Student: 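Below is one structure. I have some questions about it.
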Amino acid sequence: MRGPHNIIRLIRTGATLERTGAMNVVLDAFEAPKPLRILAHTLGWPFKWLGYKGDPQMPAATRALTALGPAYIKFGQVLSTRPDVVGDDLAQQLRVLQDKLPPFPREVAMAEVAKELGRPVDEVFSEFSEPIAAASIAQVHRARLADTGEYVAVKVLRPGIERAFRKDVDAFYFAARIVDLFAPGARRLRPMDVIEHFDGVVQGELDLRLESAAASEFAANTGQDEGFTLPPVQWNHSARRVMTLGWADGVPLGDNDAIDAAGHDRQVLGARVLTLFLQHALRDGFFHADMHQGNLKVAANGDIIAYDFGIMGHIDEYTRRVYAEILFGFIRRDYKRVAEVHFEAGYVPADRDVDEFARALRAVGEPIFGMDASHISMGRLLNYLFEVTERFGMETRTELILLQRTMVVVEGVARSLDPHINIWEAARPVVEDYIKKSIGPRAVASDLISTAQVMARFGPRLPALVERALIAQVQGGETQKRGSWGWLAPALIGAGAGGLCVGLLALVL
Ligand SMILES: Nc1ncnc2c1ncn2[C@@H]1O[C@H](COP(=O)(O)OP(=O)(O)O)[C@@H](O)[C@H]1O
Ligand SMILES: [Mg+2]
């Protein structure tokens, strides 16, 4: 980590923030304490003239980040997904940051492809277009496979982008350390966490194999989803810096006139976008977290096609169940139950007052459900819910914020297709179906089956294990001391009983 280098970068950043008028916006958003404010202005102000001017048409923060370059634009985009860190206002402002940069030449891209795939480009592709889209990390070309004649999209990382980002991310870490020094324990400021999160996101995008892997996992999960298609990954033409996907042929989802002209039913499409997203989030716990119109098309047969798998969201099964119950509680307006679920899951500290929490939840739910159906938004409901849970001491969870934010985007897409869509009506069957499967008797049965499967893996060792556990239990009882195996015996016996139940259930079902 080169100190002087980073100091210069830091000064340039401070100077640009001052020059564009973004310094106070940023300090306010982070609720920066006095010493940090003084330091920031001292570093930035005298060097104001060194800062980039940026585009005066843009709002201050967007203007500064765009002027500072790709890593900063990306950083701004990542921060826009973290209202827990920068507050709602700045997060909203940062959402408009456009990750668009001038493309690099086609020849350079072809050289990169040849180097990565270890073969001359014209051996692999019979056609290779000029860049069709260029962002801070990569750009995309349309190409045609030499052997099959199939059209594909080829994403290529910018040459040298890894080093460029490394330098900037180093400087971000350096800045985070300084902030830590001057504002230890400030409420919203967790600079190290934020930079680590950013670093993780960027590292992921700098290895296109991860995006390819996400694409193929997503395809495996959604293979049976009606009306949904994904361009397949061409693994033999992909590597760390190159990703080749089937070409998604269709009408852009943002172009209502073209969709109408092609004879598609926008009401059906609107509801489908929403149901698909919910299914992926609830059923699979793996969802496309960048579902704006630019990443979606409608195929000639009416299927929705999604691409751009750079940002995917994960939610573990337990959390999915908890949130399904929470949503279900909201549907029934059973706020006490919603509150209890939070306590049972340990999300809200046990010393808080359930009734008070339930009242706060009622204040979230009632206004939303009281709205005209065409205005109900689950994204907004979740947003208010997280505000309340944070107030009651629940830790912020990045994956849930990503879910909430994507939900808002998806609802926006659905509404732009069908302005009268009743989000709740469209979503209800998916939520109810998930609840039936995940919380009802069938869920109990499937949990027991999983437990029995785990037990079965111990197979022939099981009797000996049980015997040892029982002996330990008996001996432990004699010496009034529970050995470390003591807990296992009841567990095994319970599981054995569980296994029996499974057998019975399997017969019944
Ligand atoms: N498989 C594909 N089929 C057709 N067009 C694609 C495909 N993948 C990407 N594109 C085009 O390239 C653009 C940029 O690709 P994308 O993966 O969305 O990158 P970014 O992360 O920069 O948004 C897309 O908006 C789309 O126009
Ligand atoms: Mg995109």
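Computed from a predicted model, the values in this text were never measured in an experiment. Atoms within a ligand are numbered from 1 in the order they appear, just like the ligands themselves. Note that the numbering runs from 1 along the sequence shown for the chain.
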Student: With rounding to the nearest 0.5 Å, note down the distance linking OH in Tyr323 to CG in Leu403.
Tutor: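 Here the rounded value is 9.5 Å.
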Student: Heavy atoms only: which of Ala248, Pro252, Ala306 is nearest to atom 3 (N) of ligand 1?
Tutor: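 Going through Ala248, Pro252, Ala306 one by one, Ala248 has the nearest heavy atom to atom 3 (N) of ligand 1.
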Student: Pairs of nitrogen or oxygen atoms closer than 3.5 Å, one from Asn295 and one from ligand 1: do any exist?
Tutor: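 N/O-N/O distance under 3.5 Å: yes.
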Student: Give the atom numbers and elements of ligand 1 that come within less than 4.0 Å of a heavy atom of Lys155.
Tutor: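 Those qualifying, in numeric order: 16 (P), 17 (O), 19 (O), 21 (O).
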Student: So among Thr222, Asp225, Asn221, which one has a side-chain hydrogen bond (donor to acceptor under 3.5 Å, both in side chains) with His280?
Tutor: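 Only match with His280 under side-chain hydrogen bond (donor to acceptor under 3.5 Å, both in side chains): Asp225.
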Student: Checking a contact table here: which protein heavy atom is nearest atom 15 (O) of ligand 1, and how many Å away?
Tutor: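 So the nearest neighbour among protein heavy atoms is Val140 CG2, 3.4 Å.
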Student: Supply the atom-to-atom distance Leu274 CG to Glu411 CD, rounded to the nearest 0.5 angstrom.
Tutor: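 One finds 6.5 Å between CG of Leu274 and CD of Glu411.
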Student: Please determine if Arg142 forms a cation-pi arrangement with Tyr151, meaning its NZ or CZ atom is less than 6.0 Å from the six-membered ring centre and no more than 45° off the ring axis.
Tutor: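 Yes, cation above the ring, under 6.0 Å and within 45°.
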Student: Is any N or O atom of Ala135, backbone or side chain, closer than 3.5 Å to an N or O atom of ligand 1?
Tutor: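 So ligand 1 has no N or O lying under 3.5 Å from an N or O of Ala135.
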Student: Just which atoms of ligand 1 are under 4.0 Å from any heavy atom in Ala133?
Tutor: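 Counting from 1, the qualifying ligand atoms are 12 (O), 13 (C), 14 (C).
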Student: For a 4.5 angstrom cut-off between non-hydrogen side-chain atoms, does Leu278 reach Thr275?
Tutor: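 A side-chain contact under 4.5 Å is absent here.
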Student: Classify the side-chain pair Glu399/His314 by whether it contains a donor and acceptor separated by less than 3.5 Å.
Tutor: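 No, no side-chain donor-acceptor contact under 3.5 Å.
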Student: Just so I know, are the side chains of Val338 and His342 near enough to count as touching, which here means a heavy-atom distance under 4.5 Å?
Tutor: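 SC-SC contact between Val338 and His342 confirmed.
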Student: Using only heavy-atom distances, determine whether the side chains of Asp308 and His288 contain a donor-acceptor pair under 3.5 Å.
Tutor: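 Short answer, no.
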Student: Can an N or O of Asp308 be found at a distance shorter than 3.5 Å from an N or O of ligand 1?
Tutor: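 Yes, at least one N or O pair falls under 3.5 Å.
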Student: Would you verify whether the NZ or CZ of Arg283 falls within 45 degrees of the ring axis of Tyr434 while also being under 6.0 Å from that six-membered ring's centre?
Tutor: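 Geometry flag: not set, cation outside 6.0 Å or 45°.
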Student: With nothing but distance in play, are any N or O atoms of Tyr307 less than 3.5 Å from an N or O of ligand 1?
Tutor: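 Tyr307 vs ligand 1: no N/O contact under 3.5 Å.
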Student: So which of Phe125, Phe128, Trp247 actually passes ring-ring contact (aromatic ring centres under 6.0 Å, His included) with His141?
Tutor: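 Exactly one pass, corresponding to Phe128.
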Student: Which option wins on minimum heavy-atom distance to atom 2 (C) of ligand 1: Ala138, Ala153, Pro232, Ala215?
Tutor: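 Selected option, by shortest heavy-atom distance: Ala153.
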Student: How many protein N, O or S atoms are found at a distance of less than 2.8 Å from the Mg ion (ligand 2)?
Tutor: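 If we list every protein N, O or S atom nearer than 2.8 Å to the Mg ion (ligand 2), we get 2.
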Student: For the aromatic rings, using the six-membered ring if either is Trp, is the centroid distance between Phe165 and Phe172 under 6.0 Å?
Tutor: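 Aromatic pair excluded; centres sit 6.0 Å or further apart.
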Student: Show which atoms of ligand 1 fall inside a sub-4.0 Å distance from at least one heavy-atom site of Gly294.
Tutor: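 Here the atoms of ligand 1 in question are 25 (O).
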Student: Could you identify the single nearest non-hydrogen protein atom to atom 1 (N) of ligand 1 and state the distance to 0.1 Å?
Tutor: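 Here the closest protein heavy atom is Gly246 O, 2.9 Å.
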Student: Identify, by atom number and element, the atoms of ligand 1 in contact range of Pro231, meaning under 4.0 Å from any of its heavy atoms.
Tutor: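 Answer, ordered by atom number: 1 (N).
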Student: With rounding to the nearest 0.5 angstrom, report the CE to CD1 distance, Met291 to Ile311.
Tutor: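 Reported value, rounded in 0.5 Å steps: 13.0 Å.
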Student: What is the nearest protein non-hydrogen atom to atom 11 (C) of ligand 1, stated with its residue, atom name and distance?
Tutor: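 In this structure, atom 11 (C) of ligand 1 has Ile132 CD1, 3.9 Å as its nearest protein heavy atom.
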Student: Examine the proximity of ligand 1 to Arg142 and report which part, side chain or backbone, both or neither, has a heavy atom under 4.0 Å away.
Tutor: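 Answer for Arg142: neither.
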Student: Side-chain donor-acceptor pair under 3.5 Å between Gln203 and Asp207, yes or no?
Tutor: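 Their side chains do not contain a donor-acceptor pair, so the 3.5 Å distance test is not met.
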